[in-house]
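Take a look at the structure below.
The residues of the chain are indexed from 1 along the displayed sequence. Counting convention: from 1, in listed order, for ligands and their atoms alike.
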Amino acid sequence: MAKQIVDVNVTGIPSVITAGALDEDLWSAVLAQLDEVARHIDLDPGIHAILRHPERELTVAVPVEMDDGHIEVFTGYRVQHSSARGPCKGGIRYHPDVSLNEVRGLAALMTWKCALVDIPYGGAKGAVRCDPAHMSERELNRLTRRYTTGILPILGPKRDIPAPDVNTNAQIMAWMADTASMLEGQAMLEIVTGKPPSLGGSLGRRQATGRGLAIVTREVLKRQGRSLEDTTVAVQGYGNVGATVAALLHAMGARVVAVSDVSGGLYAPQGLDVPAIDEHVARHPRHLLEGYRAPGVETLTNEELLTAPVAVLIPAALEQQVHAGNAADVQAGIIVEGANSPVTPEADRLLAERGPVVVPDILANAGGVVVSYLEWVQDLQSFYWDEEEINAKLETLLVRALNDVWTVSQGEGVPLRLAAYMLAVRRVADAIRTRGIFP
Ligand code: NAD
C-alpha cells in the first residue's frame with residue numbers, strides 16, 4: 001500500500017508526497033542480505049554474529065506540549081549498529097509508521113555505506129514516530145529539542161553524528177545542534193551534519209547526492225568505452241536528487257530524454273531542454289513538471305519512463321519502482337540507483353540474467369554521506385573549504401569507491417551490488433578483527 005511521506009521544507013511548511021510501501025520489516029531483509037554476503041566471503045561466524053546485533057539501541061519517550069496546550073507523547077529511537085570503523089553516522093527520520101526494526105535495518109545499511117565509501121564512520125539511524133504534516137513549526141521545534149535531549153547521552157562528534165533523512169532538514173539539524181550546545185554549555189555544531197552553511201554546514205551538501213550520481217554514471221560509461229555525449233538518460237523523480245543529476249548530466253553533454261515527478265513525465269527523443277524545465281519547476285507553485293510545454297516534447301507516465309528506450313535509467317524518486325512485473329521491459333543498459341532500493345530483489349535477479357549493469361544505491365547515492373563527512377571534518381578543524389574543493393574531494397572518494405567495487409565485481413565474477421556488499425562487510429569485519437573483542 002502507498003504511504004504518505006511528508007517533506008518538510010526549509011521554512012518548515014510541510015508538503016506531502018506519496019511514496020510506495022516502505023519495507024515492513026527492513027531489519028529481516030538486511031539480515032538475510034548479510035547472511036548471503038557472509039556465505040560469499042566466508043565470514044568468521046563470530047564476526048557474523050556481532051554484525052547481526054545492533055551495538056546499542058535507545059528508545060525514548062518524547063513528550064511535547066502542543067500548540068493547543070495538550071501534551072502528546074511521541075516515541076523516538078536511536079540505533080547504533082556498529083562503531084567498529086569510527087563514530088556512528090546516520091540520519092533522523094520523522095514518520096508516523098516508523099518502527100524499531102526499520103531503524104535497525106537503516107542503521108546497518110549506514111554501516112555498509114560508510115565502509116563502502118571508506119569514510120571513518122560506523123552506522124546509525126534515528127527516528128521519531130510522528131506526523132510532521134500535521135504539526136506546526138513550533139511543535140516540530142519542541143519535538144526536535146526534546147528528542148535530542150533524550151538521545152544526547154549517546155551522541156557526540158566522536159560518538160554518533162546524526163544528519164537529515166525523510167521529513168527532516170537543515171533547520172531541524174540546526175535545532176539539534178543548538179540543543180546540544182545549550183545543554184553542554186559549549187559550541188557543539190559538529191554533533192550533526194546537514195546544517196545550514198551559516199551554522200557550519202558544508203557548501204555543496206544539497207547537490208551532493210545528485211552530483212555523486214552524475215559522477216558514477218560518467219565513470220561507468222567510461223569503463224564501457226562510451227562517452228556522455230552519445231548517451232541518452234531518463235530520470236524518475238525531479239526533486240533534490242533527480243533535478244540535480246538531470247541538470248549535471250545535461251551540462252556534461254548527455255542527452256536527457258525523459259524526466260518525471262509525481263505529476264507525470266516529459267519525453268523528447270532529441271533531448272529535453274533541462275535548464276528551461278528547471279525554470280518552469282521553479283515558477284510552478286508546487287515545484288512540479290506539470291504544465292511544461294515545448295516543441296517536440298511529449299508527456300509520458302512514470303511507468304513508461306522506466307521502460308523508455310534509453311541507455312541510462314536513474315530512478316531517483318521512490319522504492320520498488322523496477323519490479324518483477326516490469327523488469328523484462330526495461331531497455332536501459334545501465335541503471336543507476338538514485339533512490340534507496342528502487343529495484344526489488346526479484347527484479348535484480350531478472351536484470352542480472354539479462355545483463356544491464358545496476359549500480360547499487362549504497363554506492364550510487366552515497367554522495368550525501370560523503371559531503372556530510374566533509375562537513376564534519378570542516379567543523380572539527382574549524383576551517384571551511386570552497387565548493388570547488390568539496391566537489392573535488394567528493395569526486396575523489398566516489399571514484400575510488402567505484403573502482404574498488406568494480407575490481408571486486410570483475411575479480412569475483414559477481415554483480416556490482418553483491419560486490420559492494422562484499423567489500424563493505426569485509427572492511428567492517430577487518431576492523432572488528434583488528435581491534436579485537438573488548439575486554
Ligand atoms: P524529494 O522529495 O526532493 O524529491 C522526490 C521526487 O520524487 C519529487 O520530484 C516527487 O515529485 C517525486 N515523486 C514522488 N512520488 C512520486 C511518484 N509516485 N512517482 C514519481 N515520482 C514521484 O526527494 P529527494 O531528496 O530528491 O530524494 C529522492 C530519493 O532519493 C528518495 O528515495 C530518497 O530517500 C533518496 N535519497 C536521497 C538523498 C538525498 O541526499 N536527498 C540521499 C540518498 C537517497
Close N or O approach (Asn365, ligand 1; < 3.5 Å): no

Ala364, Gly368, Ala317, Gly237: member with heavy atom nearest to atom 29 (C) of ligand 1: Ala317

Part of Thr209 within contact of ligand 1 (heavy atoms, under 4.0 Å): side chain

Interatomic distance, Thr179 atom OG1 to Arg145 atom CZ [nearest 0.5 angstrom]: 4.0 Å

Ligand 1 contact by Gly338, heavy-atom criterion under 4.0 angstrom: yes

Within reach of ligand 1, part of Val241 (heavy-atom separation under 4.0 Å): both

Check: Gly242 N/O within less than 3.5 Å of ligand 1 N/O: no

Contact check: Asn240 vs ligand 1, nitrogen or oxygen atoms, below 3.5 angstrom: yes

Test item: side-chain donor near acceptor, Tyr238 and Asp278, under 3.5 Å: yes

Other residues, nucleotides, ligands: >12 heavy atoms within 6.0 Å of Glu346 CD: no

Ser202: which of Gln378, Lys195, Glu387 passes side chain to side chain donor-acceptor pair (under 3.5 Å): Gln378

Pairwise distance CZ(Phe74) to OH(Tyr94) - rounded to 0.5 angstrom: 10.0 Å

Region of Ala316 that comes within reach of ligand 1 [heavy atoms, distance under 4.0 Å]: backbone

Subset of ligand 1 atoms that lie under 4.0 Å from at least one heavy atom of Asp261: 9 (O), 11 (O), 20 (C), 21 (N), 22 (C)

Residues Asp25, Arg104; criterion salt bridge (charged side-chain N to carboxylate O under 4.0 Å, His left out); working and verdict: CA-CA 10 Å; Asp25 193 352; Arg104 286 179 174 138; over 6 Å; no

Residue that, paired with Glu395, satisfies salt bridge (Lys or Arg N to Asp or Glu O under 4.0 Å) out of Arg218, Arg211, Arg400: Arg218

